[in-house]
Amino acid sequence: MDLLTGLNLQQQQAVIAGLGPVLILAGPGSGKTRVLTHRIAYLISHMGVSPYHILAVTFTNKAARVMENRVAELLGDASRGVTLGTFHAICARILRREADALPFNANFVIYDADDQLKLVRQAVNDLDLDPKQHQPARIHAAISNAKNELLLPDQVPINNYRDEAMRRVYQRYQSLLLDNNGLDFDDLLLYTVFLLDNHPSVREKYARRYEHVLVDEFQDTNLAQYTLLKHLASFHRNIFVVGDADQSIYRWRGADYRNVLRFEDDYPQTQKILLEQNYRSTQAILDAAMAIIDHNPQRTPKRLFTERGQGQKAVVFEAFDDRAEAGFVIDTISVLVARQQLQPGAFAVMYRTNAQSRVLEEAFLKANLPYKLVGAQRFYGRREIKDLISYLRLVHNPRDEISLERAIHAPKRGIGDKTLLELRRHAKQVSLSPGELLLELGSNSTSAQREYFKGRSLTALEQFGGLLYRWQILKQDYNPQDLLDRILDDIDYHSYIDDGSDEGRDRWDNVMELRRLAAERKDQSLELFLEGIALVSDQDTVEENANAPTLLTLHAAKGLEFPVVFIVGLNDGTLPHSRSFDDPEEMQEERRLLYVGITRAEERLYLVFAQNRAAYGMNEPAQPSRFLEDLPQDLLANSQPKRSQKQAPEHKAAAFRWPSDTQRSGKSELQQKFHPGMRVNHPIWNEGMVLNSRLQDDDEIVDIFFEDVGLKRVAASLANLQIKP
DNA sequence: AGTCATTCCTTTTTT
DNA sequence: AGGAATGACT
């Protein structure tokens, strides 16, 4: 089989690169996944490397799955056995295997962001710190940063009292995690690095095994991940990394694109290969992307080129507010689907913050159009799902107090705060975890522990403990779905959650969805099922089958591509986000974020901003994104929006004006009033949307798609068109 | 013990 | 505007 046909010269070089460190700098759409998969196939089929000796690391399960499937397409069964997964999943696997050398058990649970915050809150409480002054969320972020930098509590730099407090919380938080036999996301990396640091024999075992280490999205690695890779590749030093500094958008998570430079320092004999040809987008889209990213200082300029032709210019659309943005998106999609045989699934709508999805969703619902929302948190964060997962977790790891507390209250079973406190207190005295004590009470009706609890609370505790005990026994030979069914039945969760209201029905539907997910992985152990749930990424929830537009954050869009891309909310304060204003590094990252969004588009690109934007429920005038100024006029299909000058607050109302108003109030020369996407009203043909408009012979010629009568061409001076907000 | 009201906080982005 | 944590009330 020829693994090189269809690849360009640079791609071929990358695939057949010799031993040693290899660095692939891959622009967007340059076929890096192809290079990675073909490289793996090449190593196996041409270099005689056993799949067992190959490790490929990605950031999302989806990316891992795609690679796995593509390698399997190339090689069939011969590809079986490659270690392929996300950083976090691979670390979890190692930690379970090596748990004997670690301060926790192999059946640890992985806490999600919610649980982590709860634990930080508890730590702050335990230390008698004022949560107003030491905000748990901030401390949690600081702890996460420290962990990503491989800093233990006693290594955290201390400059002031706040740092001191954070250090103490960090310390306490870690011991709480261990009490619960739980790890947070960062721990997975941190403990693995320390394991490999401190146990040379373990390190050597893995380093010898992995003759070849391949890494996707290398620019997103943080210090912990970088160090981990270094350890894993320390014996054979065949490390093949693919990345693009311009697409580095996870700085806040500790990612450091400078790892690309560090790589060349750490591995002086690195072979470096540039992939610049783009196979995804039209030149017009690439030009817009380059116009944006070229404003970032200190980067190696790249010339992205394509053979896909010039294509259509990007459209900039100015909407009244975020609802009008959504209206524009929906109208444009409707028209393009109606007119041009573009599938609904060809569209993606991207935004900076999750909160922006709400308005879009409402608009889609109101228009009765299906859509796909990307985001795992949306599902797994729901109360009913968290409830049930906490039961499963508790069965798997009775030391998990966070889950115990949740499960014991859902549904209510006569165990209140007081009883729970008693349970905790006494558990501590007999050095058990509350869960373990509960199991003892539930399984042994003559237990000596009984006498420490009285009457009603004892009965309630025994009852719940009994349930827990039975589930523990059942889990031996039940699969996750059967266990879930049993729990649902035992606690009569249906009648608890579904009160007959719409919301209740909805919640029960979600429970059934969870059940379906469990059924999908029938042959998985409870442990792996829970791990899979803890480590789902937003991207993993991208649905490929449903033919509907995709709604997703710019972050979640990385690695994906769509024929038509809308980027909405292109306002200062949203993109770039206001939290980035005072830090040049962060502003550069905001710019990269826009770059990532633009380069997702294959054929058409719509850049949408609003004159007014809601913040905390209040609608306020907003400025177009400063990034829009960096797009030269000739790259755009319509005229460039102007940022209004800095205004005194009392003049802010000017920003509400439509372009047509500004015109009337002064300028003599004719300006284009209508832009693609605008909704207009015609005295006879009623409502329609502008598809195209141009100036001609002292008039404006506008193509409009009317809902009632279809496509019409009119002269603006005669048609008496009203622009609709 | 459990329900209801009030307050306060949130909004970056995610494994 | 909406959700969560806290606290008063039944």
Side-chain angles (χ1 to χ4, degrees), chain A residues 57-64 85-92 110-114 116-118 121 125 131-132 135-138 140-141 144 147-148 183-190 217 220-222 224-225 248-255 322 350-359 362 374-378 380-383 408-420 456-457 460 531-541 552-558 569 573-581 583 586 589-590 592-594 596-597 613-619:
Chain A
V57 194
T58 63
F59 275 86
T60 68
N61 297 299
K62 187 183 181 228
T86 66
F87 275 100
H88 291 87
I90 285 168
C91 286
I110 301 167
Y111 278 146
D112 67 21
D114 233 44
Q116 292 169 29
L117 198 58
K118 273 190 191 148
R121 229 175 243 131
N125 249 328
K132 294 235 161 62
Q135 292 166 15
R138 278 175 189 274
H140 177 249
S144 177
K147 288 182 174 181
N148 288 328
L183 301 188
D184 68 17
F185 296 127
D186 305 314
D187 283 341
L188 295 172
L189 304 171
L190 188 72
E217 306 279 16
D220 285 333
T221 51
N222 58 35
Q225 288 157 334
S248 162
I249 54 175
Y250 285 106
R251 201 181 102 91
W252 48 273
R253 206 163 78 185
D322 50 359
M350 302 173 186
Y351 36 83
R352 177 65 177 82
T353 67
N354 281 307
Q356 291 171 262
S357 74
R358 166 169 267 135
V359 180
E362 280 169 6
V374 177
Q377 191 49 32
R378 285 251 148 17
Y380 290 105
R382 306 194 89 91
R383 196 184 77 206
I408 215 165
H409 289 309
K412 310 277 185 224
R413 47 169 57 83
I415 299 173
D417 289 348
K418 217 165 168 195
T419 310
L420 201 55
R456 260 205 327 250
S457 42
E531 182 179 304
I533 285 172
L535 297 181
V536 271
S537 73
D538 275 359
Q539 274 208 355
D540 300 334
T541 68
L552 73 181
T553 62
L554 287 160
H555 283 89
K558 192 159 68 144
T574 306
L575 180 62
H577 196 274
S578 51
R579 305 272 269 237
S580 316
F581 282 166
D583 182 344
E586 283 189 30
E589 180 144 316
E590 297 290 303
R592 291 194 291 268
L593 201 47
L594 176 57
V596 166
R613 197 151 273 292
Y616 299 108
M618 296 265 274
N619 225 17

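Within every chain, numbering begins at 1; the chains are lettered A, B, ... in the order of the sequence lines, protein sequences first and strands thereafter. Predicted, not measured: the structure shown is a model, and the values here were computed from it.
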Any heavy-atom pair between the side chains of [Y] and [X] that's under 4.5 Å?
| X | Y | result |
| --- | --- | --- |
| A:Ile249 | A:Leu554 | no |
| A:Glu217 | A:Thr58 | no |
| A:Val57 | A:Gln225 | no |

Output the rounded distance in Å from [atom1] ([X]) to [atom2] ([N]).
| X | N | atom1 | atom2 | value |
| --- | --- | --- | --- | --- |
| A:Arg613 | B:dT11 | CZ | C1' | 13 Å |
| A:Phe59 | B:dT14 | CZ | P | 15 Å |
| A:Ile408 | B:dG2 | CD1 | P | 11 Å |
| A:Lys147 | B:dT15 | NZ | C1' | 13 Å |
| A:Asp220 | B:dT14 | CG | C1' | 11 Å |
| A:His88 | B:dT15 | NE2 | C1' | 4 Å |
| A:Leu554 | B:dT11 | CG | P | 18 Å |
| A:Gln356 | B:dT10 | CD | C1' | 15 Å |

**Study point:** Whether A:Trp252 stacks on the six-membered ring of B:dT13 base, 5.5 Å and 30° limits
**Key:** yes

- request: Look at the side chain of A:Arg121 and the backbone N and O of A:Pro136, then say whether any donor-acceptor pair between them is shorter than 3.5 Å.
  value: no

> How far does the P atom of B:dT13 sit from the matching atom of C:dA4, given to the nearest Å?
Replying inline: 15 Å

Quick note, A:His577 side chain, CB onward, closest among B:dT11, B:dT15, B:dT13 is B:dT11

Picking from B:dT15, B:dT14, B:dT10, the nucleotide nearest the side-chain atoms of A:Gln135 would be B:dT10

Just call it for A:Glu586: base, sugar-phosphate, or nothing, with non-hydrogen atoms closer than 4.0 Å on any strand.
-> base

Taking only the side-chain nitrogens and oxygens of A:Asn354, find out if one of them lies under 4.0 Å from OP1 or OP2 of B:dT14. yes

Query - Side-chain N or O of A:Thr553 closer than 4.0 Å to phosphate OP1/OP2 of B:dT14 - result: yes

The answer to which of A:Arg138 and A:His409 contacts DNA chain B further toward the 5' end, by nearest nucleotide, is A:His409

So which protein N/O to nucleotides 3-5 of chain B N/O distances come out below 3.5 Å?
none

Pairwise N/O distances under 3.5 Å, protein to nucleotides 3-6 of chain C:
from: C:dA5; atom 1: OP1; to: A:Arg121; atom 2: NH1; distance (Å): 3.4

TODO: Would you please classify the geometry between the A:His555 ring and the A:Trp252 ring as parallel, tilted or perpendicular, with 30° and 60° separating the classes?
DONE: perpendicular

